[in-house]
Amino acid sequence: MDIVSYNPGHDGAFVHLRDGYLVSSVEAEKDSNYRYTPVSSRDLLDAFGRLEHVPDVVCTGGWWPREARPTGSPSHVGYRGIVKDQITVEHRRLLGKSIPFFSSSHERSHLLCGFGMSPFPQGSPCYALVWEGAIGAFYEIDSEMNITLIADVMNEPGNRYASIYGLADPTFPKNAPFSRFSDAGKLMALASFSKRGTPTPEEEDLMAFLLSSEHVRLDLYDRLESSAYYNVGTDDTEFRNFAGIFSDRIFDTFYRFAKTNLRKNLPLVIAGGCGLNCDWNSKWREAGIFSEVFVPPVANDSGSAIGTAIDAQLHFTGDAKIKWDVYSGLPFRMNAPVASGRYDVRDASYEDVAHMLSSGLILGWVNGRYEIGPRALGNRSILAAPFEDSTRVRLNEIKQREQFRPIAPVCLEDDAARWFGCDHESPFMLYTYLAHTDALAAVTHVNGTARLQTVSPSTNAQLYELLLAFKARTGYGVLCNTSLNFNGKGFINNLSDLDTYTVDHELDGFVVEGRAYLRRSSQRYMAYRKDRGR
């Protein structure tokens, strides 16, 4: 069965499932489009143009009902809803063929994405946690794939969490209807700077105000003009302490509920944008409440279209499981030649690239199809040596982002226990681990943790070989790994954008499928050439 699916809201994506296999997940923000953007008409035309024949089912995820026409219903169901009776199937014509158009709720899309991508076999019950901007709830999925809502623990946890960043940031427009999507990730980095665990009485009052209302208040910032943290700036020490305290309070609310009410020692599936919070994921794994924890690499709404496609597959075939690969995006496009004379261009072995990186060069790294989800996992990455904090500073300057943001390590799976205390695979950069050495300053956050990605021959063979070569030269199978993207946009996926980025952001060069483009005007590259006698 061929199923295509798209998400009508932000973090839009177009997904193709064929006979239970994820053929592709193409996200609207990728190829240097704006982050968090919905699917456009051009995206849909491009996606349908890649299909070889008319699909058996077309799916639309659920969303808010504001798109309803005055004389009829929208083309999709609503945001909330978990029962199968709320699914809609309407037969319509597409290219002369009558096919079913399927829609189920956004809530179900998260649940089915998490379960369908998990290693837990169908028929084995599990718990599920969906926490995102709007939903914060626990569920149980039984052996028949019936979903039961256990409790709405906190409404809008993600929106509440992100709201304090806008409170402190003087650049945030205080009359905005809600926080910027990017604020939650920044707050996750800031919370790690917290050195105080006990809130002051004023902070207790502030947290009560932020967490007690049913919804995040539209007049939130008007009511908080007298707060000590109003426009104080995100570099304020006490605000950073509060960021950690507030983060812990939200997690503890869910933890206390789970510890009291979820007693079956079942595995847990986590979905929703809060599933990208590595600190919280690590706490769930260490909580001792669940037999196992799984978070998909597309926990946020970038996985919503996958979840709706899995829900359709379950509806029509009874199968809620898919085979998938995290590198299911589109191939890189060599769409235009680079400027003549700008680069030294040559084939480069893994050993060559390892030598460049160990010599201080910072390089773009492109291989195969891009990774799904928001985290760079070694196919659309910027790579660098992990040893000096000055490298972290330079990487944040290249990426034009705040200096409090950490840089993640990518590490050989076999070396992860030695350097980070991780004795299992962690291929999707979704958990934090304590660094066991001072030698990796560029990838160790201020609190001593690292947002680790492990690599083996089966997860990313090309990156694995590069790490082996780097280890042979330096003794460490570890590199800095951060996403290859313009600020505020998704991964770069064509040569002309990569050329522009390299020059404007002063990368030393880039490697595409084993071919190196080394920028002749880079002083670091010139020094590297001189050292090699070239």
**OP:** Classify the angle between the aromatic ring planes of H10 and F181 as parallel (below 30°), tilted (30 to 60°) or perpendicular (above 60°).
**Re:** tilted

**OP:** Would you check if the distance from the ring center of Y161 to the ring center of W280 is below 6.0 Å?
**Re:** yes

Original post:
Is any side-chain heavy atom of Y433 closer than 4.5 Å to a side-chain heavy atom of S426?
Top reply: yes

Subject >> V298 vs C113 side-chain heavy atoms within contact, under 4.5 Å >> reply: yes

Original post:
Roughly how far apart are I245 CD1 and D252 CG, rounded to 0.5 Å?
Top reply: 11.5 Å

Subject >> Heavy-atom side-chain contact between W365 and L484 under 4.5 Å >> reply: no

**OP:** Please check if the side chain of D219 supplies one atom and the backbone of D222 the other of a donor-acceptor pair under 3.5 Å.
**Re:** no

Original post:
Is K283 positioned over the aromatic face of F251, cation under 6.0 angstrom from the ring centre and no more than 45 degrees off axis?
Top reply: yes

**OP:** Spell out, as yes or no, whether a donor-acceptor pair under 3.5 Å connects the side chain of H445 to the backbone of A189.
**Re:** yes

Original post:
Going by the angle between their ring planes, with limits at 30° and 60°, are F239 and F242 parallel, tilted or perpendicular?
Top reply: tilted

Original post:
Can you tell me if D301 and H106 form a side-chain donor-acceptor pair at under 3.5 Å?
Top reply: yes

Original post:
Is the backbone of D43 close enough, under 3.5 Å, to the side chain of S40 for a donor and an acceptor to pair up by distance?
Top reply: yes

Original post:
Sequence neighbours excluded, which residues qualify as salt bridge (Lys or Arg N to Asp or Glu O under 4.0 Å) partners of R35?
Top reply: E29

Original post:
With no hydrogens and no angle check, is any side-chain donor or acceptor of T148 less than 3.5 Å from a backbone partner on I150?
Top reply: no

**OP:** Mind jotting down which residue pairs meet the side-chain hydrogen bond (donor to acceptor under 3.5 Å, both in side chains) criterion with at least one end in residues 323-332? Sequence neighbours excluded, please.
**Re:** Y327-N460

Original post:
Side chain of S282, backbone of T432: donor and acceptor closer than 3.5 Å?
Top reply: yes

**OP:** Can you measure from SG (C59) to NE2 (H76) and round to the nearest 0.5 angstrom?
**Re:** 14.0 Å

**OP:** Would you confirm whether N396, through its side chain, and R405, through its main-chain N or O, come within 3.5 Å as a donor-acceptor pair?
**Re:** yes

Original post:
Do I135 and Y79 touch side chain to side chain, with heavy atoms closer than 4.5 Å?
Top reply: yes

Subject >> Nearest-0.5 Å distance, OG1 of residue T234 to CG of residue N231 >> reply: 11.0 Å

Original post:
Got a sec, which residues hit side chain to side chain donor-acceptor pair (under 3.5 Å) with D169, two or more places apart in sequence or on another chain?
Top reply: T171, R180

Subject >> Smallest separation among heavy atoms of G378 and Q453, with atom names >> reply: N-OE1, 4.4 Å

**OP:** Step by step, work out the side-chain contact (heavy atoms from CB on, under 4.5 Å) result for R50 and H16.
**Re:** CA-CA 10 Å; R50 288 189 294 270; H16 181 195; over 6 Å; no

**OP:** Could you check if a side-chain atom of E27 sits within less than 4.5 angstrom of a side-chain atom of N33, using non-hydrogen atoms only?
**Re:** no

Original post:
Can you find a pair of side-chain heavy atoms, one from S104 and one from T308, that are under 4.5 Å apart?
Top reply: yes

Subject >> Derivation of the side-chain contact (heavy atoms from CB on, under 4.5 Å) call for L190 and E402 >> reply: CA-CA 10 Å; L190 276 182; E402 302 85 355; over 6 Å; no

Subject >> Atom of A243, atom of L187 and distance for their closest heavy-atom approach >> reply: CB-CD1, 3.9 Å

Original post:
Between the main-chain N or O of N485 and the side-chain N or O of S483, is there a donor-acceptor pair closer than 3.5 Å?
Top reply: no

Original post:
Does D497 come within less than 4.0 Å of K489, counting only side-chain N to carboxylate O?
Top reply: no

Subject >> More than 12 heavy atoms from other groups under 6.0 Å of CD on Q403 >> reply: yes

Original post:
Counting only N and O atoms by type, is there a donor-acceptor contact under 3.5 Å from the side chain of S103 to the main-chain atoms of V77?
Top reply: yes

Original post:
More than 12 heavy atoms of other residues, nucleotides or ligands under 6.0 Å from CZ of F209: is that the case?
Top reply: yes

Subject >> Where S381 and N481 come nearest, the two heavy atoms and their spacing >> reply: OG-OD1, 2.6 Å

Original post:
What do the steps show when you test I99 against V58 for side-chain contact (heavy atoms from CB on, under 4.5 Å), and what is the final call?
Top reply: CA-CA 8 Å; I99 63 170; V58 173; 3.6 Å; yes

Subject >> Nearest heavy atoms of S302 and S25, plus distance in Å >> reply: O-OG, 4.5 Å

Original post:
With side chains defined as the heavy atoms from C-beta onward, is the minimum distance between K174 and L224 less than 4.5 Å?
Top reply: no

Original post:
When the ring planes of F138 and W284 are compared, do they come out parallel, tilted or perpendicular, using 30° and 60° as the limits?
Top reply: perpendicular

Subject >> Ring geometry between Y370 and F491 (parallel below 30°, tilted from 30 to 60°, perpendicular above 60°) >> reply: perpendicular

Original post:
Counting only heavy atoms not in K259, do more than 12 fall under 6.0 Å of its NZ?
Top reply: no

Original post:
Does K321 reach the side chain of S118, with side-chain heavy atoms less than 4.5 Å apart?
Top reply: yes

Original post:
Under 6.0 Å between the ring centres of F510 and Y501?
Top reply: no

Original post:
For E371, does its backbone N or O pair with a side-chain atom of K30 as donor and acceptor, under 3.5 Å?
Top reply: yes

Original post:
Does G61 offer a backbone N or O that forms a donor-acceptor pair with the side chain of R108 under 3.5 Å?
Top reply: no

Subject >> Euclidean distance, L129 CG relative to F290 CZ, rounded to 0.5 Å >> reply: 7.5 Å

**OP:** Rounded to the nearest 0.5 Å, what's the gap from CD1 on I82 to NE2 on H110? Could you check?
**Re:** 14.5 Å

**OP:** Evaluate the criterion side-chain contact (heavy atoms from CB on, under 4.5 Å) for residue pair E132 and N300; output intermediate values, then yes/no.
**Re:** CA-CA 8 Å; E132 55 152 26; N300 65 336; over 6 Å; no

Original post:
Looking only at heavy atoms, which two atoms of R380 and L330 are closest? And how far apart?
Top reply: NH2-O, 3.4 Å

Subject >> Distance-minimising heavy-atom pair for P427 and T459 >> reply: CB-CG2, 4.3 Å

**OP:** State the SG-CD distance between C126 and E292, to the nearest 0.5 angstrom.
**Re:** 10.5 Å

